There are 2 protein chains.
Amino acid sequence: MKTKITLKDIARELEVSISTVSKALKNSEEISRDTKEKIQAFAKLYNYKPNNIAISLKNKRTKNIGVVIPDIVHHFFTTVIRGIEKYANAKGYNVIVCLSEESFDKEVINMEMLANGSIDGFIMSLSSETQAKNDYNHLKEVTEQGIPLVLFDRVTNEVDCDKVIIDDELGGYMATKKLIDEGRKKIALITTDDYLSVSKARAEGYRKALLESNLSLDESKILKLSTMEVDEKSIRHFFNNQEVDAVLCVNEVFTVFSMRLLQEKGLNIPKDVSFIGFTNGLLSEFANPRLTVVAQHGEKMGEISAQMLIEKVESENEEETFQTKILEPTLVVRDSTIN
Amino acid sequence: MKTKITLKDIARELEVSISTVSKALKNSEEISRDTKEKIQAFAKLYNYKPNNIAISLKNKRTKNIGVVIPDIVHHFFTTVIRGIEKYANAKGYNVIVCLSEESFDKEVINMEMLANGSIDGFIMSLSSETQAKNDYNHLKEVTEQGIPLVLFDRVTNEVDCDKVIIDDELGGYMATKKLIDEGRKKIALITTDDYLSVSKARAEGYRKALLESNLSLDESKILKLSTMEVDEKSIRHFFNNQEVDAVLCVNEVFTVFSMRLLQEKGLNIPKDVSFIGFTNGLLSEFANPRLTVVAQHGEKMGEISAQMLIEKVESENEEETFQTKILEPTLVVRDSTIN
DNA sequence: TTGTATGCGTTATCAT
DNA sequence: ATGATAACGCATACAA
């Protein structure tokens, strides 16, 4: 086992001082060509690489980014991570991923763990429990300590920091508008309880589009599920009691499940009923029929988040100026709507 | 901005030495009750937390695990990460995720970056390019440096280390057997080139089951795609030239895509053709019909990987004894086969 | 009971 | 041109 070599080891072997070695490896002008060559050759031979931890301690910079997300078995969040990774890696940063699993406590614990020197900044999306509790002290503490924070997708106005979101209201609006333009009159919305910021915004867009088109806003056509799991019973019950000619769902799973339900009832999609979902994932692409969806551009979101964070991390000035970037969603039209 | 407080700060404020503070906060018997209480109260008031980096440097233990995977927008890998996180977090470890994006070079760069002190050990799954190149020097270097390594799913015999795999051959066998038991005679296999260890093993199981049942092994019924992307043209061409009554695919996407193709041709699934895929993800659950699949138990795999790694990391003894854990896949029977 | 000194691996400042 | 020293934050063996 050839263990890692340190500056000290090189110094001892070559009978020079540690600082000489350090300078030589940085190609300092102070050191003579001869000794530089000797030291560099030796270092190369023994594959010397500076120890990241020591450098972190010295520089008070870890070159690590903490990413805290509610769920990783989830298409949207993984695309965001991919975007973060891409940008961060290019800038020499590593990404420490922590999962809150939608739990407030885990979110707090994870952040505290990372905040003690492990990372230079946070990129995160709030857990549903945190949004429900509306308690953001753990975020505030972090920012008060001067640790940069970027919130994405599931954000809150309660915390002053950089944010990256998509215009979910616009997404809801665009989708609903599309259904209206198809001539649909009885447009249902399947969503989650309002505590989830994104669901709320999407519902807002839905309402706006309906009102704008002078379609009545029928609250009984809105189904609010308490979690993001597919609640089969509620959905069945809903469709047994509602006549609809179009459905907007706040995620892929609700969409595909509902669609199948109506298909089993003998309805044709999109002839009898049109469907639009949120998230442009595998399900949308491979469902039958393929789904028309509002795409969220997660990878872009990740890249922008990372960019904003690293800028803050590396900027010297202390001026507290935060911005919120709003990305526009895109309607990807496929076969669950009429073209 | 209230910046982080250090032992030194506390020592200065309370006019004691740093070591006294350090000991007091560890509740050492050496320190008098009075000073302990005073120091602990002060520390609590100012929310003192030891700096992880300093501790890492001192202990030569980072409490970080490096996870290198080929792709994160991928159901199986995310379930594995979830399992790793779960176990690692419970043990006080953080997870640094790096993506090779199926590239050999990125895999090498990521590992080198992490190997310089950032992590205590690696958990990884090989990129397809690495498996194709059959070059594992970067892994060997890491293990020679004494850094523990656990390979999962996509592994190689070329490297001596702990491994966790599922019995892919058995999975292929079970699936094929199920199709044979249904009375299928013309069973196709849609897979990737052999360089992917898992695909190779699955194909082996397929062959074994056919031969065992005295069914002829017709190589023209095997379609090898060069990547994991859906190659629409090749698949269409294949089904235009092959008559089949059952199809086994090495992933979900191939399965759903092929199934749709045959459905468009007017065939009924599973009446005319049965389908079995690998990976029990969203697609399988929500496809139409719902897929019968070989489940890989990714989360379990992640937990076991983390457990094996942490055991090695924390064990003192140097004895090089490696083990390979083989998990059994499970056949999840749904509606794309006949029950 | 408290404090001093040393070291983890590196870099920067200040001698020599 | 080279080296000694201090510092990053913490822990610990050893002194007092």
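On a predicted model such as this, the values are computed, not experimentally measured, just so you know. Computed from heavy atoms alone, side chains included, the values below leave out hydrogens, waters and symmetry copies. Chain letters run A, B, ... following the sequence lines, proteins first, then strands; residues in each count from 1.
Side chain of Asn94(B) to main chain of Asn64(B): no donor-acceptor pair is present (N/O by atom type, distance under 3.5 Å, no hydrogens or angles).
Heavy atoms of Ser22(B) sit under 4.0 angstrom from at least one base atom. Among the atoms of the strands shown, none is found under 4.0 Å from any heavy atom of Ser56(A). Nucleic acid contact class of Lys23(B) (heavy atoms, under 4.0 Å, all strands): base. Residue contacts for Lys60(A): at a heavy-atom cut-off of 4.0 Å it reaches the sugar-phosphate backbone alone, with no base atom in range. Leu7(B) comes within 4.0 angstrom of the backbone, heavy atoms only, and of no base.
Residues Asn47(A) and Glu141(B) meet the side-chain proximity criterion, which asks for heavy atoms closer than 4.5 Å. In this structure, the side chains of Ile147(B) and Ile119(B) come closer than 4.5 Å at one or more pairs of heavy atoms.
Less than 4.0 Å separates DNA chain C from at least one heavy atom of each of the following residues of residues 11-20 of chain A: Ile18(A), Ser19(A).
Remark: C1' of dG3(C) and CD1 of Ile39(B) are 12 Å apart, rounded to the nearest angstrom. When rounded to the nearest whole Å, the span between NZ of Lys58(A) and P of dA7(D) equals 10 Å. Residue Asn52(B) contributes atom CG, which lies 15 Å from atom C1' of dA11(D) at whole-angstrom precision. If you take NZ of Lys49(A) and P of dT11(C), they are 14 Å apart, rounded to a whole angstrom. To the nearest angstrom, P of dA11(D) lies 13 Å from CD1 of Ile31(B). A straight line from CD1 of Ile10(B) to P of dT2(C) spans 16 Å, rounded to a whole angstrom. Between the C1' atom of dA7(D) and the CG atom of Asn51(B) lies a distance of 14 Å, rounded to the nearest Å. Between Glu30(A) atom CD and dC14(C) atom P the separation is 12 Å, expressed in whole Å.
Side-chain atoms of Asp153(A) and Ser125(A) include no donor-acceptor pair closer than 3.5 Å. Glu102(A) and Ser128(A) share a donor-acceptor pair across their side chains, judged by distance under 3.5 Å alone.
Checking the phosphate oxygens (OP1, OP2) of dG7(C), no side-chain nitrogen or oxygen of Lys8(A) falls inside 4.0 Å.
Proximity note for Ile55(B) (side chain, C-beta onward) versus dC10(D), dT2(D), dC8(D): the nearest is dC10(D). Side-chain atoms of Leu57(B) lie closest to dC8(C) of the nucleotides dG7(C), dT1(C), dC8(C). Checked against dT11(C), dT2(D), dG3(C), the side chain of Ser32(A) finds its nearest nucleotide in dT2(D).
Aromatic ring orientation, His74(B) versus Phe77(B): tilted (interplanar angle from 30° to 60°). Ring geometry for Phe76(B) against Phe152(B) counts as tilted: the plane angle lies between 30° and 60°, on a 0 to 90° scale.
In terms of position along DNA chain C, the nucleotide closest to Thr35(B) lies nearer the 5' end than the nucleotide closest to the other residue of the pair Asn59(A) and Thr35(B).
A salt bridge is absent between Asp162(B) and Lys325(B); no separation between the charged side-chain nitrogens and carboxylate oxygens falls under 4.0 Å.
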